[in-house]
There are 2 protein chains.
Amino acid sequence: MRYTGASASERQYLPPAVAVSVVAFALQPPADAELGDPGAGAGDTTIWIPLVRRTRAPFLGQWALPGGPTQWDETLADTALRSLHAATQRTPGYLEQLYSFGGVERSAEAQRLVTIAYWALYGEHELEPEVSVRGAHGVSPVQVPSGPRRWDDPIPASGLTGEDAAAGTPAGSVSVANVAWFSADRLPELAFDHREIIDHALGRLRAKTEYASVAHRFLGPVFTLGRLRTVTEAVLGQPVDPANFRRQALAQGSLVDTGELESGARHRPARLYRFAEPPGAANQPITSGSTSARSRE
Amino acid sequence: MRYTGASASERQYLPPAVAVSVVAFALQPPADAELGDPGAGAGDTTIWIPLVRRTRAPFLGQWALPGGPTQWDETLADTALRSLHAATQRTPGYLEQLYSFGGVERSAEAQRLVTIAYWALYGEHELEPEVSVRGAHGVSPVQVPSGPRRWDDPIPASGLTGEDAAAGTPAGSVSVANVAWFSADRLPELAFDHREIIDHALGRLRAKTEYASVAHRFLGPVFTLGRLRTVTEAVLGQPVDPANFRRQALAQGSLVDTGELESGARHRPARLYRFAEPPGAANQPITSGSTSARSRE
DNA sequence: GTAATAGTGTCTCTAAGACATTATGTC
DNA sequence: GACATAATGTCTTAGAGACACTATTAC
């Protein structure tokens with residue numbers, strides 16, 4: 001019961017294939033990562049995105065977003081995490097849905113394709129190589145937004161791009177050599193409409209309401225206001241006044257002074273802060289295979 | 001080649017079924033509409049939403065959002081418009097995607113279900129009964145947002161709720177008697193998680209950045225500032241200072257004074273305004289079967 | 001005239017941004 | 001000591017909100 005090669009007359013009985021694409025952001029590429037643009041150093045002034053090189057037509061050899069088809073027993077967020085992990089060997093700390101694309105298919109494939117785009121954030125500590133103690137891939141906690149937005153959860157497999165979904169078999173898996181990290185300011189030419197998806201994701205990230213609440217996810221559990229400001233500057237792509245940033249960040253009410261100081265720098269030590277989860281969020285990390293809040297039939 | 005009754009071992013080869021649910025808003029219920037709550041008059045102080053009564057288990061007899069499965073030759077927005085029209089006999093002036101739900105299915109159905117939620121707005125003139133001159137349903141222009149967000153377009157059929165998608169056949173269609181309009185403040189108990197979807201849609205609608213740009217879609221092509229303020233009050237559910245509203249609405253820069261005045265009221269006549277589409281939007285209404293901007297394979 | 005909304009002017013308060021100043025560590 | 005960033009304080013300006021006041025129609 002496979003759908004490849006269905007004739008045109010059979011098509012109308014086929015439900016669309018469902019796949020995801022993921023735009024993942026990090027403040028730095030991982031230490032062992034290949035850089036798409038060898039010229040650019042890994043400064044703190046830009047945002048980095050992992051891309052995979054396509055190993056199939058169409059757009060063979062071109063860069064594209066990590067992604068892949070949903071499997072029968074995984075939710076959409078599962079699929080997003082699994083295919084992102086297949087490309088980067090790392091699990092992001094944050095994942096959120098962006099938008100769904102469901103155009104009528106015009107390619108040679110037998111099925112229509114519905115693609116759901118996600119965006120993900122990697123914190124500093126999530127970029128260290130994962131220790132492969134457990135099964136196929138890491139099981140680090142992933143934070144998925146609660147509140148008005150909703151979601152699903154994480155599992156394992158290979159990594160293509162979302163457009164290869166219509167092929168029933170997950171063949172032609174991506175070797176790690178086909179993955180590289182790019183600065184958001186210096187993206188290569190991208191397959192399909194992935195450039196627009198990235199632009200959309202960047203727009204969301206740069207929207208004030210978004211970055212104010214997610215900037216800290218690029219960092220570890222504790223951080224200085226200076227680091228947080230650096231993140232904001234990287235997200236916005238422009239400098240931010242330190243004094244005003246401090247006032248606004250603290251007025252936000254979601255930063256907690258840990259009482260500790262960061263030492264070792266060649267200047268006055270900075271206070272360390274934690275991010276206080278909003279009361280409703282319950283700060284409940286989602287682990288692979290969790291059953292929580294699966295609110296839909 | 002139908003999928004109903006697939007055994008558990010077959011399931012893993014089945015792609016998820018894809019369906020949509022639509023939260024439609026109007027400032028008033030249509031004149032010929034049935035009201036869910038006979039007590040409430042049709043004042044301008046609230047927002048109205050059409051619901052359909054389920055004719056199947058689960059949640060048989062309970063109210064739910066209009067929706068239905070995607071057909072092989074229609075896009076997601078097509079499906080949304082078609083199933084909304086099946087319920088209300090009317091085509092909305094605006095349609096935008098909200099969120100996708102893709103939980104692993106736990107019901108008795110053979111397939112998983114991915115549901116994409118949309119929200120729609122009906123303008124005053126879109127609530128008049130449609131003149132059935134052309135084919136199965138109206139072909140009035142529908143405005144779908146451009147810019148970072150993307151979409152697809154409209155076609156005909158019956159109207160269930162999105163959760164009936166897994167059944168391959170669109171049987172058990174909704175008679176108009178099973179449709180009623182409810183005030184957003186007085187919703188009945190809803191099937192599935194539709195209450196959350198509506199709350200999400202209301203949240204989006206009430207977000208300042210959204211309602212500032214969509215409020216005029218509840219009205220006809222020309223309107224007074226007083227009417228526009230009334231819409232805003234209905235959306236927000238609270239009074240708004242007329243003077244301040246005027247200043248902000250005009251400062252927005254998207255209202256054009258037509259030079260005409262509204263007469264007949266027992267008070268000073270008000271200027272009539274049009275909404276100026278932002279330059280990028282090209283103000284290009286989308287008609288059924290259009291091929292524009294279908295940007296995805 | 002009265003009633004009712006349209007439309008204008010003005011005051012206050014808050015928050016954003018610019019920028020000066022002091023504090024405290026490493027070298 | 002020099003240097004670098006942390007942390008605080010102050011001034012200006014733009015905008016939101018409260019509210020008083022004038023304008024113009026129907027009756």
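Since we're looking at a predicted model, the values are computed, not measured. Residue numbers start from 1 in every chain, and the chains themselves are labelled A, B, ... in the order their sequence lines are given, proteins ahead of strands.
Between B/A234 and B/I47, the shortest heavy-atom contact is O-CG1, 3.6 Å.
Shown here are the ring pair (Phe, Tyr, Trp, His ring centres under 6.0 Å) partners of A/F182, two or more places apart in sequence or in another chain: A/W63. Partners of A/A120 by side-chain contact (heavy atoms from CB on, under 4.5 Å), not counting sequence neighbours, listed by chain and number: A/V22, A/A24, A/L84, A/P92, A/L95.
The 5' end of DNA chain C is approached more closely, in terms of each residue's nearest nucleotide, by B/A270 than by the other of A/K208 and B/A270.
Applying the side-chain hydrogen bond (donor to acceptor under 3.5 Å, both in side chains) definition to pairs two or more places apart or across chains, none involves residues 259-269 of chain A. Among residues at least two apart or in separate chains, there is no salt bridge (Lys or Arg N to Asp or Glu O under 4.0 Å) pair with a member in residues 239-248 of chain B.
The existence of a salt bridge linking A/R206 and A/E210 is excluded, since no basic side-chain nitrogen approaches an acidic carboxylate oxygen closer than 4.0 Å. Ion pairing of A/E124 with A/R227 is present here, as a side-chain N (NZ or NE/NH1/NH2) and a carboxylate O approach within less than 4.0 Å.
Atom CZ of B/R227 is separated from atom C1' of C/dA6 by 16 Å (rounded to the nearest Å). Taking atom CZ of residue B/F245 and atom C1' of nucleotide C/dG9, one finds them 19 Å apart after rounding to whole Å. Rounded to whole Å, atom C1' of C/dA6 lies 13 Å from atom CG of B/D257.
The aromatic rings of B/W119 and B/Y94 sit perpendicular to each other, their planes meeting at more than 60°, with 30° as the lower class boundary.
When DNA chain D is scanned 5' to 3' for any atom under 4.0 Å from a heavy atom of chain B, the first and last hits are D/dA16 to D/dA26.
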What does the B/S/- profile of nucleotides 18-27 of chain C look like, 5' to 3', with a 4.0 Å heavy-atom cutoff to protein?
BB---BBBS-
